[in-house]
Every structure is written in structure tokens, then in C-alpha cells.
Amino acid sequence: MSRITLSHYLIQQQREDRICAELRFLVEVVARAVKAIGNAVGKGGLTNSLGEAGGENVQGEVQKKLDVIANDILLEANEWGGHLAAMASEEMDLPHQIPNRYPKGEFLLLFDPLDGSSNIDVNISVGTIFSVLRCPEQASATAEIGEEAFLQAGSQQLVAGYAVYGAATQLVLTVGNGVQAFTVDRETGSFVLTSESMRVPEDTKEYAINASNARWWEAPVQRYIGELVAGKSGAREKDFNMRWVGSMVADVHRILTRGGIFMYPKDTKDPTKPGKLRLMYEANPMAMIIEQAGGAATTGYQRILDVQPELLHQRVPVILGSKNEVERVTAYHQG
Ligand code: FDP
């Protein structure tokens with residue numbers, strides 16, 4: 001059987017004019033970085049990298065040592081290649097500037113270096129999520145790239161992807177031409193294409209939500225989840241099953257593979273936070289991947305990819321996955 005590696009796939013995409021040489025290089029560099037992060041995660045307790053690093057990130061959350069390591073790996077891998085104008089990360093308050101000693105490129109890279117980090121210490125799958133935007137021309141002419149350059153709707157993303165560090169390390173990628181998954185072959189170290197043109201089934205019997213927040217959900221979500229829980233005896237006349245890993249990457253990966261609906265909806269738990277997940281480097285890349293695979297992604301009120309960002313680290317409600325279920329719960333929000 002002939003195996004298609006990530007490099008082979010990207011060269012094909014370049015030949016078909018779906019990506020330029022710089023974007024191909026960018027994805028290759030991110031792929032190398034996620035392999036290094038996967039190796040660090042895979043060492044588990046063998047190195048002294050589990051536990052807390054002693055700081056807090058911009059969201060006021062405790063940083064785990066591996067969060068910091070993963071962030072550094074992505075920054076170092078990407079800053080010298082000449083393909084980026086700047087980077088932004090969940091772990092950094094402000095955009096990371098490309099050092100003067102390196103050339104600057106025309107793209108912006110955003111990432112959540114280690115998503116699901118509360119799962120690191122217990123050996124449950126975590127991941128990396130990333131998104132690529134074009135740097136607006138007026139911004140690239142200035143010495144410092146500010147937050148405003150990044151504030152583009154998700155529909156402007158050129159590339160979106162995530163890596164999941166589970167039993168295998170996989171990279172799931174879209175360059176706007178469907179969704180492909182690559183798996184690290186531990187013998188050769190290469191990412192090999194293992195799922196082509198992935199599709200999220202339109203219907204599902206599986207849902208994922210942190211039900212401990214139920215008392216703070218808005219009425220449309222209460223109604224929708226109430227119906228799923230009622231199963232055959234309720235309005236849906238069908239039983240549903242629940243799965244919640246608690247790592248967005250792992251939950252979304254399951255949904256991409258076999259269908260389902262993932263929800264981190266708006267709630268009233270903390271009125272200053274309209275949702276838990278971050279728009280720019282969690283919701284947007286996942287929404288692009290899910291849409292490219294035939295699924296849907298909304299905030300309940302609008303398509304995630306249409307949300308005009310106001311802040312680099314802004315939070316947003318997320319409802320994504322099997323199209324018919326996402327459309328149903330979104331319709332419940334309309335009235
Ligand atoms: P974590 O805080 O562990 O990094 O991105 C945040 C995230 O994980 C998601 O991966 C996950 O879906 C969600 O938060 C889990 O949050 P709860 O613990 O509030 O359920």
C-alpha cells in the first residue's frame with residue numbers, strides 16, 4: 001500500500017494552487033512542533049514536566065509546566081522561518097513579535113499550545129489547536145504587529161488544524177479543501193495520511209456537555225438537553241448517549257470521527273464571560289474543521305465563523321458537530 005505523508009499531501013495541495021509555498025512550509029513547521037509536543041506529553045511522569053509552572057496565563061488560569069513547554073516549542077519552531085508576521089497564543093497576553101534578526105512573512109499564527117491541560121496529570125488525551133490568518137497589509141508595514149491585526153472573523157482563516165496526543169498522535173488539518181487526518185508513524189517519525197475527506201454524520205445519538213453547569217444554562221439549552229435526557233420517552237422519541245472527555249480536542253476529534261454534538265454554551269455562571277472557550281484559537285479553527293467536514297458550528301445565535309472578534313482572548317459560546325442537531329439547538333435560540 002502506498003503511503004501519503006503530510007509533505008506529499010501538502011505538495012499536492014500546492015500543485016493544485018490551494019496553498020502557496022510559504023503556507024506549505026508553515027504547516028510543515030507546525031507539524032514538526034506538534035511532534036515535539038507529542039513526545040513531551042508522551043513522556044508523562046518520566047520527566048519533571050507534569051504539574052504546575054507557578055504562574056497564571058492571561059485568562060487567570062494556572063499554567064501547567066507542559067503548557068509553557070508547548071508554547072515555547074511552537075514559538076521557537078516558527079519564529080525563524082520567514083513565513084510569519086507575528087504569533088498569538090492562549091498563554092501570552094500580547095502578540096509575539098518576530099525577532100529583528102529574522103525576516104518577516106505575511107501570515108499570522110494563532111494557537112492554544114496545550115488544550116485540555118487539566119487532563120495532563122491524569123494521562124488523558126490533550127491537544128494543540130492552531131489557526132492561520134493573513135496579516136493585513138497596513139499591519140505588516142509597521143514594526144510591531146498589534147492585537148488588531150489578528151481581529152479577523154474565522155471565515156478569513158487560511159488553514160486550521162489540531163493535534164491530538166492520545167494513544168496515537170494525530171494531526172487533523174484543513175487548508176479549505178476538506179479535512180484530512182495524519183497519524184505519526186512511530187517507526188519512521190512521519191505523519192501519514194490515515195483519514196481522507198472526513199465527514200461528520202449529519203445525525204447523531206451522542207452529545208457532549210458539562211452538565212454540572214446545567215443550572216446556569218439559558219432556556220434554549222435547558223430545553224434541548226432536557227429533550228435528549230428524556231430520550232424515547234420525550235419529544236425526540238429517541239435515546240441519546242453522553243460522552244465528555246473534558247479536552248475539547250478529544251471531544252471534537254470523536255465528533256469528527258463518528259458524529260455527535262459538542263456544547264460549551266453561554267451561561268450565567270460568570271456574567272463577565274459569555275462562554276468558556278476562546279474564539280480566536282479554539283472555536284474558530286474547530287468551527288472551520290467541522291464545517292469543512294460537513295458539520296455546523298454556531299454560538300446558538302450566529303455562525304461562529306461570522307463572529308467579528310473584538311479582543312484577541314475573547315470567549316465565545318460553542319455548539320458544534322452533527323449538522324441536524326446543531327441546527328435544531330440553534331433554532332431553539334431563535335425563539
Ligand atoms: P482546559 O480548561 O482543561 O484547558 O480550553 C479549555 C478546556 O479545557 C477545554 O479543552 C474543555 O472542553 C473545557 O475547557 C473543559 O472545561 P470544564 O472543566 O469547565 O468542563
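Whatever order the structure lists ligands and atoms in, that order sets their numbers, starting from 1. Because only heavy atoms are used, hydrogens play no part in the values below, and waters and symmetry mates are left out as well, while side chains stay in.
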Legend entry - Option nearest atom 6 (C) of ligand 1 (shortest heavy-atom distance, choices E90, K269, E282): E282
Inset, instruction - Apply side-chain hydrogen bond (donor to acceptor under 3.5 Å, both in side chains) to Y102 and list each qualifying residue two or more places apart in sequence or on a separate chain. - result: none
Legend entry - Geometric N/O contact S117 with ligand 1, under 3.5 angstrom: yes
Legend entry - Where ligand 1 meets N210 - atom numbers and elements under 4.0 angstrom, heavy-atom basis: 17 (P), 19 (O), 20 (O)
Legend entry - Heteroatom proximity flag, G116 to ligand 1, N/O under 3.5 Å: yes
Inset, instruction - Could you tell me whether S118 and ligand 1 have an N or O pair separated by under 3.5 Å? - result: yes
Legend entry - R3/D185 salt bridge by N-O under 4.0 Å criterion: yes
Legend entry - Distance flag, aromatic centroids of H83 and F25, threshold under 6.0 Å: yes
Legend entry - Polar contact flag for Y264 and ligand 1 (N/O pairs, less than 3.5 Å): yes
Legend entry - Side chain, backbone, both or neither: the part of L277 lying under 4.0 Å from ligand 1 by heavy atom: side chain
Legend entry - Salt-bridge contact E282-K276 (side-chain N to carboxylate O under 4.0 Å): no
Inset, instruction - Could you give me the CA-CA distance, side-chain angles and deciding distance for Y224 and E325, then say whether side chain to side chain donor-acceptor pair (under 3.5 Å) is met? - result: CA-CA 9 Å; Y224 175 73; E325 291 302 315; 2.5 Å; yes
Legend entry - Those atoms of ligand 1 less than 4.0 Å from some heavy atom in D115: 5 (O), 6 (C), 9 (C), 10 (O)
Inset, instruction - Indicate yes or no: does R32 engage E28 in a salt bridge with an N to O separation below 4.0 Å. - result: no
Legend entry - Nitrogen or oxygen of M248 less than 3.5 angstrom from that of ligand 1: yes
Inset, instruction - Return a yes/no value for S247: is any of its N or O atoms, backbone included, closer than 3.5 angstrom to an N or O of ligand 1? - result: no
If you look only at distance, which donor and acceptor atoms sit under 3.5 Å apart when one is on a side chain in residues 189-200 and the other is two or more places apart or in another chain?
{"from": "T194", "atom 1": "OG1", "to": "A181", "atom 2": "O", "distance (Å)": "3.3"}
{"from": "T194", "atom 1": "OG1", "to": "T183", "atom 2": "OG1", "distance (Å)": "2.7"}

